[in-house]
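Quick one: this structure, given as structure tokens, is what I'll be asking you about.
One-based numbering, in listed order, for ligands and for the atoms of each.
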Amino acid sequence: MNKEVSTPNRYAVVGNPVSHSLSPRIHQAFARQARIDLSYEAIELPEAGFAKGIENLQSQEFKGLNVTVPFKQQAWLLCDRKSPRANDARAVNTLILLSDGTIAGDNTDGVGLTRDLVNNHRALIKRRKVLVLGAGGAVRGVLPSLLALSPENLTVANRTLEKAEQLAKDFQNIGEVTSCAYDGLGREKFDLIINGTSAGLTHEIPPVPDTVLGVNSICYDMMYNITGNTAFVDWAINRGASSSIDGLGMLVEQAAESFFIWHGVPVDTAEVIASLRGQK
Ligand code: ATR
């Protein structure tokens with residue numbers, strides 16, 4: 001092997017918009033821990049130019065990419081090979097750009113959520129009643145991992161009932177999902193309530209009734225806000241939820257799994273989460 005030729009170790013997150021992304025900071029922190037020399041950038045691709053943009057990055061010898069909103073489903077379609085969990089979610093957030101020009105895809109969002117819940121927050125999912133709010137791409141990405149942990153039941157509530165119904169149908173081979181609109185939730189209480197809607201982008205909360213909260217309910221927002229609480233976290237705190245957690249830990253955990261896929265090295269996520277929280 002000719003050691004004088006150094007192959008670039010380039011990685012990036014692609015999305016639109018993407019300039020706010022914490023992924024470069026997270027991956028650079030992991031790289032320092034693992035003593036791996038790499039670059040990791042945030043690259044905005046035009047909404048109508050995903051495939052062309054990826055081709056361009058392949059020609060620049062990028063080795064791996066994270067994919068964020070709104071390209072995860074397009075990434076799934078583009079991949080030559082996909083992991084079972086990417087196929088379950090029909091969405092990809094991790095691309096491996098192989099030297100033969102092919103692309104392999106994986107989805108680490110679901111494992112990011114469940115590791116944050118179970119490992120970092122000691123939340124129980126097995127035999128617990130789980131309510132997921134929203135039925136869009138973000139929820140599709142995490143449902144397989146939640147179902148794999150055998151909840152007592154899993155209900156998806158969505159503003160547009162038809163989308164929740166479609167989602168339940170699409171996942172019926174993976175596990176049982178009950179679908180409803182918010183006003184169809186009745187008086188059932190849930191142990192774990194996960195906000196997977198994008199309502200937080202406009203500082204709104206989905207119209208979920210307070211009656212879903214029991215004395216020990218844990219609320220989890222898949223969104224995060226590095227400078228304060230998300231609207232959903234505030235909603236849960238104000239109603240006395242036993243825990244109210246935002247999605248920063250999920251972000252770091254999904255990144256750690258991508259890092260492991262690319263570099264084969266496990267990292268200490270707690271250190272990175274603490275450092276991001278400390279920079280509020
Ligand atoms: P993402 O990729 O972030 O999941 P998406 O696929 O557009 O984005 O899905 C957004 C989800 O947030 C949907 O479930 C949407 O509800 P509808 O299907 O009824 O549109 C939900 N959502 C967005 N804004 C909301 C709001 N203000 N209140 C309740 N639900 C909201």
- With heavy atoms of Thr160 as the reference, note each atom of ligand 1 found under 4.0 Å away.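 That gives atoms 17 (P), 18 (O), 19 (O), 20 (O) of ligand 1.
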- Query: Any ion pair linking Glu162 and Lys169 (charged N to carboxylate O, less than 4.0 Å)?
  - Reply: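 No, no charged N to carboxylate O under 4.0 Å.
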- Task: Could you tell me the residue and atom name of the protein heavy atom closest to atom 21 (C) of ligand 1, and the distance to it rounded to 0.1 Å?
- Result: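 The closest one turns out to be Thr197 CB, 3.7 Å.
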- Can you pull out the closest protein heavy atom to atom 9 (O) of ligand 1? Residue, atom name and distance to 0.1 Å, please.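 Heavy-atom neighbour on the protein nearest atom 9 (O) of ligand 1: Gly136 CA, 3.4 Å.
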- Among protein heavy atoms, which sits nearest to atom 6 (O) of ligand 1, and what does the distance come to when rounded to 0.1 Å?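 Its nearest protein heavy-atom neighbour is Gly137 N, 3.0 Å.
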- Heavy atoms of other groups near Asn238 CG, more than 12 under 6.0 Å: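 It does: Asn238 CG has more than 12 such atoms within range.
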- When you measure from the side chain of Trp262 to the backbone N and O of Leu95, does any donor-acceptor pair fall under 3.5 Å?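 Such a contact is found between Trp262 side chain and Leu95 backbone.
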- Item | Contact partition for Arg159 relative to ligand 1, non-hydrogen atoms under 4.0 Å |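 It is both backbone and side chain that touch ligand 1.
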- Provide the number and element of each atom of ligand 1 under 4.0 Å from a heavy atom of Lys163.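 Taking each heavy atom of Lys163 in turn, ligand 1 has 17 (P), 18 (O), 20 (O) under 4.0 Å.
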- Task: Before giving the answer on salt bridge (Lys or Arg N to Asp or Glu O under 4.0 Å), spell out for Arg239 and Asp210 the whole-Å C-alpha distance, their side-chain angles and the decisive distance to 0.1 Å.
- Result: CA-CA 7 Å; Arg239 279 152 189 82; Asp210 299 3; 3.0 Å; yes
- Query: Got the closest protein heavy atom to atom 14 (O) of ligand 1, with its distance?
  - Reply: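 Result for atom 14 (O) of ligand 1: Asn158 OD1, 2.7 Å.
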- Query: Strictly under 4.0 Å, does any heavy atom of Val69 approach an atom of ligand 1?
  - Reply: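 It does not; every heavy atom stays at 4.0 Å or beyond.
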- Message: Would Ala135 count as a polar contact of ligand 1, with the cut-off being nitrogen or oxygen pairs under 3.5 Å?
- Response: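 Yes; the residue has a nitrogen or oxygen that sits under 3.5 Å from a nitrogen or oxygen of the ligand.
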- Tell me yes or no: between the side chains of Ser258 and Thr94, is some donor less than 3.5 Å from an acceptor?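 On atom types as modelled, these side chains qualify, holding a pair under 3.5 Å.
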- Message: Looking at Ala86, is its backbone amide N or carbonyl O close enough to the side chain of Ser83 to form a donor-acceptor pair, meaning the two atoms are under 3.5 Å apart?
- Response: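 Between the backbone of Ala86 and the side chain of Ser83 there is a qualifying donor-acceptor contact (under 3.5 Å).
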- Item | Option among Arg10, Arg25, Gln28 that satisfies the side chain to side chain contact (heavy atoms under 4.5 Å, CB included) test with Tyr40 |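 Exactly one pass, corresponding to Gln28.
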- CZ (Arg127) with more than 12 external heavy atoms under 6.0 Å: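 Counting other residues, nucleotides and ligands, CZ of Arg127 stays at 12 neighbours or fewer.
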- Message: Going by a strict under-4.0 Å cutoff (protein heavy atoms only), does atom 27 (N) of ligand 1 have a neighbour on the protein?
- Response: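 So atom 27 (N) of ligand 1 has protein heavy-atom neighbours under 4.0 Å.
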- Message: Nearest non-hydrogen contact with atom 4 (O) of ligand 1 belongs to which option: Ser198, Ala138, Gly134?
- Response: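 Of the listed residues, Ala138 has the closest heavy atom.
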